[in-house]
Amino acid sequence: MPVTDAPADRTEWLEWRRQGIGASDIAKAASGRYGGMWAVVRDKIDPQPEASNAAMERGQRWEEAITSAAEHLLGLAVVGEQMRVTHPTRPKHLATLDGLLVPAGLASPSMDDVIGVLEVKTHGRNVRPAWDYWVPQVQWQMWCTGLDLAVVVSVEIDDAEDAALAVRVTRIERDEFEIDRLMLLADEIERHISNGTYPDPPASALEMVRTAAVEQFAPDAETVDLSTLADDIERMQAIKESIKAVEDERDALQAKIIAAMGAATVGTCGGIRVSLSKPRSVLTKAAEARLLDMRPDLAVQTLDRAKAKAEAKELYESLCEPVGARTLTIRTPK
């Protein structure tokens with residue numbers, strides 16, 4: 001497996017990753033998570049700012065500690081942390097490894113000593129591990145490295161305390177049938193990139209698609225012919241109507257149960273326990289006004305939007321930016 005030195009900085013690493021199809025790209029495409037294949041293709045065609053969230057920061061924060069723990073748990077040594085590898089005959093097939101497992105005690109381990117790939121994962125308390133993402137990710141790593149074994153060390157983290165609750169060590173063997181399936185996905189990704197086209201976005205890509213729609217907005221854009229999506233539009237309208245009917249039924253049942261509860265906070269029905277929370281204490285507008293009368297020092301300066309629209313309409317509108325979500329509305333002829 002061709003090996004590339006660790007990147008000089010993260011920007012260079014991101015650029016290297018965008019030149020090919022990495023393990024996380026394949027994992028997104030295979031699982032449909034994090035925008036699925038649509039998000040992968042979008043980032044290759046139109047590079048996006050690197051995403052960051054609490055879960056990603058947690059994983060980076062815990063990676064070194066979990067790697068050290070893995071050595072003790074497995075009785076092996078970990079080398080090649082953050083090593084970049086490419087498949088020997090498919091140079092666009094890439095992977096960045098958390099580490100490689102070798103026998104402990106070797107003075108200068110070589111690639112011939114490598115036993116398998118190490119992948120470090122974290123997940124929140126009572127959060128189901130994302131095996132639909134993790135498995136294709138490590139299968140792709142085995143494909144790129146030519147190895148037959150991957151070990152996933154996953155740790156459940158209590159985010160409130162930033163403390164480890166449970167550790168799980170899982171061995172995953174190379175699966176040629178799965179790798180063949182992932183290669184077909186990679187070929188599909190490459191076709192889209194080459195043709196400048198996009199796959200259909202999955203549900204997990206909705207907010208990304210909404211953001212892209214705001215960025216693409218042009219007031220003078222021509223009407224689009226959506227005839228090829230006629231079945232999809234009809235189905236969406238039917239789903240919206242079904243949701244409305246279900247929500248109406250839900251609200252009616254909820255009203256009936258609350259009315260039957262009366263003054264009680266707990267009700268029973270066989271083995272089922274029904275609870276009705278106590279009223280929340282809320283500072284009403286009237287109470288807020290009284291509080292400000294008593295303590296004017298607690299006030300803060302805010303924009304009176306209604307007054308700004310009325311007295312400085314041009315200035316108000318000139319400072320507005322198209323950042324809100326665009327609402328999709330479907331109207332059928334009566």
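Note that the structure is predicted; figures quoted are calculated from it, not measured.
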Fit a plane to each ring of W143 and W140, take the angle between them on a 0 to 90° scale, and name the class: parallel (under 30°), tilted (30 to 60°) or perpendicular (over 60°).
tilted
E173 side chain to D148 main-chain N or O, any donor-acceptor pair under 3.5 Å?
no
CA sep, side-chain torsions, deciding dist, call: T170, V151, side-chain contact (heavy atoms from CB on, under 4.5 Å)
CA-CA 6 Å; T170 305; V151 177; over 6 Å; no
For P199 and V41, work out which heavy atoms get closest and say how close.
CD-CG2, 3.9 Å
Just wondering, more than 12 heavy atoms not from R250 lying within 6.0 Å of its CZ?
yes
Measuring only between side-chain heavy atoms, which start at C-beta, is L147 closer than 4.5 Å to L100?
yes
SB check R181 E178 (cutoff 4.0 Å):
yes
Nearest-0.5 Å distance, CZ of residue R174 to CD1 of residue I179
4.0 Å
Over all heavy atoms of both residues, which pair between P103 and A77 is shortest? Give the atoms and the distance, please.
O-CB, 4.1 Å
Taking the side chain as every heavy atom from C-beta outward, state whether L101 and E71 have any pair of such atoms under 4.5 Å apart.
no
Donor-acceptor check, side chain of K44 to backbone of G20, threshold 3.5 angstrom: yes or no?
yes
Spell out, as yes or no, whether a donor-acceptor pair under 3.5 Å connects the side chain of Q137 to the backbone of A23.
no
Locate the shortest heavy-atom distance separating L118 from A70; write the atom from each residue and the value.
CD1-CB, 4.2 Å
Output, in order, the C-alpha distance, side-chain angles, deciding distance and verdict of side-chain contact (heavy atoms from CB on, under 4.5 Å) for Q82 and E63.
CA-CA 11 Å; Q82 299 308 308; E63 184 172 342; 2.7 Å; yes
Can you tell me if CD on E176 sees more than 12 non-hydrogen neighbours from other groups inside 6.0 Å?
yes
Using modelled atom types only, decide if a donor and an acceptor are shared between the side chain of R33 and the backbone of Y133 within a distance under 3.5 Å.
no
If you compare all heavy atoms of S108 against all heavy atoms of D113, which two are closest, and at what distance to 0.1 Å?
O-OD2, 4.5 Å
Do W131 and V138 land in one hydrophobic cluster if side-chain heavy atoms of ILVMFWY residues count as linked below 4.5 Å?
yes
Does W38 belong to the same Ile/Leu/Val/Met/Phe/Trp/Tyr cluster as L182, with side-chain heavy atoms less than 4.5 Å apart forming each link?
yes
For the NZ atom on K92, are there more than 12 heavy atoms of other groups (residues, nucleotides or ligands in this structure) within a distance under 6.0 Å?
no
Looking at K121, is its backbone amide N or carbonyl O close enough to the side chain of S154 to form a donor-acceptor pair, meaning the two atoms are under 3.5 Å apart?
no
For the side chain of D25 and the backbone of G22, is there at least one donor-acceptor N/O pair under 3.5 Å apart?
yes
Ion pair R125/D159, N-O distance below 4.0 Å
no
Do the non-hydrogen side-chain atoms of H192 and I45 ever get within less than 4.5 Å of each other?
no
Test side-chain contact (heavy atoms from CB on, under 4.5 Å) on N126 and E156; report intermediate values, then the result.
CA-CA 8 Å; N126 298 323; E156 182 179 2; 4.2 Å; yes
Common cluster, V120/V79, ILVMFWY with side-chain heavy-atom separation under 4.5 Å
no
Rounded distance [0.5 Å steps], CG in D251 versus CD in E249
10.5 Å
A quick test of your reading: do over 12 heavy atoms of other residues, nucleotides or ligands sit less than 6.0 Å from CD of E215?
yes
If we only count heavy atoms from C-beta on, is the V85 to L97 side-chain gap below 4.5 Å?
yes
OG1-CH2 distance between T86 and W16, expressed to the nearest 0.5 angstrom:
7.5 Å
Can you tell me if S194 uses its side chain to pair, donor with acceptor, with the backbone of E190 under 3.5 Å?
no
Among the clusters formed by ILVMFWY side chains lying less than 4.5 Å apart, do I115 and V78 turn up in the same one?
yes
Crowded around Q48 CD? As in, over 12 foreign heavy atoms under 6.0 Å?
yes
Pair D43 + R17, salt bridge at N-O below 4.0 Å
no
By side chain to side chain contact (heavy atoms under 4.5 Å, CB included) - contacts of T122 (at least two apart)
R58, W62, I66, I157
Could you check whether atom CZ of R235 has more than 12 heavy atoms from other residues, nucleotides or ligands sitting under 6.0 Å from it?
no
Reported OG-to-NZ distance for the pair S318 and K313, which is rounded to 0.5 angstrom
12.5 Å
L94 vs R84 side-chain heavy atoms within contact, under 4.5 Å:
no
Crowded around E247 CD? As in, over 12 foreign heavy atoms under 6.0 Å?
yes
Closest non-hydrogen atom pair between D158 and A160, with its separation
OD1-N, 3.0 Å
Can you measure from OH (Y34) to NZ (K28) and round to the nearest 0.5 angstrom?
9.0 Å
Nearest-0.5 Å distance that lies between atom CD1 in I21 and atom NE2 in H93
5.0 Å
Within the 4.5 Å heavy-atom criterion, are E288 and L291 side-chain neighbours or not?
no
Do L229 and V224 land in one hydrophobic cluster if side-chain heavy atoms of ILVMFWY residues count as linked below 4.5 Å?
yes
Does atom CG of D304 have more than 12 heavy-atom neighbours from other groups under 6.0 Å away?
yes
Minimum heavy-atom distance P109-L106, with the two atoms named
CD-O, 3.7 Å
Salt bridge present between K244 and D248 (N-O < 4.0 angstrom)
yes
Verdict with reasoning, M142 to I172, per side-chain contact (heavy atoms from CB on, under 4.5 Å):
CA-CA 10 Å; M142 286 186 276; I172 299 176; 4.3 Å; yes
